[in-house]
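Read through the structure below, which is laid out as structure tokens, and then see the notes.
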There are 2 protein chains.
Amino acid sequence: MQRTPFDQMPCPVARTLDRVGEWWSILILRDAFYGLTRFDQFEQSLGIAPNMLTRRLKALCEAGLLERRLYQERPPRHEYVLTAKGRDFRPVLWTLFAWGNRHLAPEGESVILTDPTTGLPIDPVVVDRRTGRPLEDGIRVAAGPAASERLRRRFERPTTI
Amino acid sequence: MQRTPFDQMPCPVARTLDRVGEWWSILILRDAFYGLTRFDQFEQSLGIAPNMLTRRLKALCEAGLLERRLYQERPPRHEYVLTAKGRDFRPVLWTLFAWGNRHLAPEGESVILTDPTTGLPIDPVVVDRRTGRPLEDGIRVAAGPAASERLRRRFERPTTI
DNA sequence: CCGAGTTACTTTCATAATGCAAGTGACTCG
DNA sequence: CGAGTCACTTGCATTATGAAAGTAACTCGG
């Protein structure tokens, strides 16, 4: 087994990366959000080799983020559309987008997020749903209801993220 | 050049993945947030091979997310600490964490985020800094100030993310 | 009916990334 | 003096990535 799998790790970050952590996967999802659905659309938009695209689309379908759907019978042609699980991945893209614009756009921002009604730029911030307050330094990682004894002990000592 | 580089793409998501998109990188960052700084701490926590760890730490330092710091003279020993740029990556980890817990914890959540003062669980949501409203369906991706003509044309047709 | 075009791939093969195992070097401590 | 700690490096096998070319099932224009 080459490339250590992360899906047996208890950490949800690790498990997520196990599904979308391969090269190209997240960019394919981005393009799916952009509205692309066809094989050749992804191929052209990304400049990805077709064999790589085949592998990634297959993996993303198996992970349940995309669905392969027949859109024409003869010849059989499929399109790839986001599932609910896939659509729920957008918050990750927003935060990746924001970080990239803050730190990797020395020549200025080439692409920005805007509000579809007002047209004003959007600056994504993560808050707690309950309190509405921005998450800050010192957010704790703690054992959850399904934690093993080992994990519980690991997180007895306060751990932040 | 094997593995297509993403850093010349205008999309900030692509550029971000160019820096942190390799296997292990984001888990190393996670552990850095957990407070780990030493080589052997990362090695044990992750179960990563030492040569891989060396490569990733080097890449993360070169990308400016970690800083290699001498903490003892003889023998020379270094620790790896997050830079401001690295610390700013936390929102991505929070959203990855939340997605993983929602979709990849069928046996229940093993690890959760909590408020350090109240101890209550935290549910990360992305909002717009200006309006405070949660980002929803239909957030637009538009050409920014530094966009080329080509890009500007690409995003004339409304594109959501 | 023939050839060009479209769409969605597969196959083959080179090269680079990942990872296991073992070794190294500079110390400290008993 | 030998064991232990810490932070790696080296050598080598295996797998992932990617470029190039080929395939298959159609449609459409002349």
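Only heavy atoms go into these numbers, but all of them, side chains included; no hydrogens, no water, no symmetry mates. Chain letters run A, B, ... following the sequence lines, proteins first, then strands; residues in each count from 1.
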Nearest-Å distance, [atom1] ([X]) to [atom2] ([N])?
X: R3(A); N: dC20(C); atom1: CZ; atom2: P; result: 13 Å
X: N51(A); N: dA16(D); atom1: CG; atom2: C1'; result: 11 Å
X: M52(B); N: dA16(C); atom1: CE; atom2: P; result: 16 Å
X: I48(A); N: dC9(C); atom1: CD1; atom2: C1'; result: 13 Å
X: I28(A); N: dC9(C); atom1: CD1; atom2: P; result: 12 Å
X: L70(A); N: dA8(C); atom1: CG; atom2: C1'; result: 13 Å
X: Y71(A); N: dT6(C); atom1: OH; atom2: P; result: 13 Å
X: F42(A); N: dT6(C); atom1: CZ; atom2: P; result: 20 Å

Which of the following nucleotides, dA7(D), dC27(C), dA8(C), is nearest to the side chain of F39(A)?
dA8(C)
Heavy atoms from C-beta onward define the side chain here; which of dC26(D), dT9(D), dC9(C) lies closest to that of P50(A)?
dC9(C)
Any side-chain N or O of [X] under 4.0 Å from OP1/OP2 of [N]?
X: T54(B); N: dA7(D); result: no
X: R68(B); N: dC8(D); result: yes
X: Y80(B); N: dC6(D); result: no
X: T4(B); N: dG18(D); result: yes
X: W23(A); N: dG18(D); result: yes
X: R56(A); N: dA16(D); result: no
X: W24(A); N: dA16(D); result: no

For R3(A) and E22(A): C-alpha separation, side-chain torsions, deciding distance, then whether salt bridge (charged side-chain N to carboxylate O under 4.0 Å, His left out) applies.
CA-CA 10 Å; R3(A) 181 179 283 175; E22(A) 293 172 297; 3.2 Å; yes
Of R55(A) and R38(B), the one whose closest nucleotide on DNA chain D sits nearer the 5' end is R38(B)
How do E22(A) and D40(B) order along DNA chain D: which one's closest nucleotide is nearer the 5' end?
D40(B)
Look at E156(A) together with R152(A) and state whether they make a salt bridge at an N to O cut-off of under 4.0 Å.
no
What I'd like to find out is whether the side chain of P50(A) reaches to under 4.5 Å of the side chain of F39(A), using heavy atoms alone.
yes
With a 4.5 Å limit on heavy-atom distance, are the side chains of M9(A) and L27(B) in contact?
yes
Could one point to a donor on the side chain of R77(A) or the base of dT7(C) with an acceptor on the other under 3.5 Å away?
yes
Any idea which heavy atoms bring R56(B) and W24(B) closest together, and the distance?
CG-CB, 4.2 Å
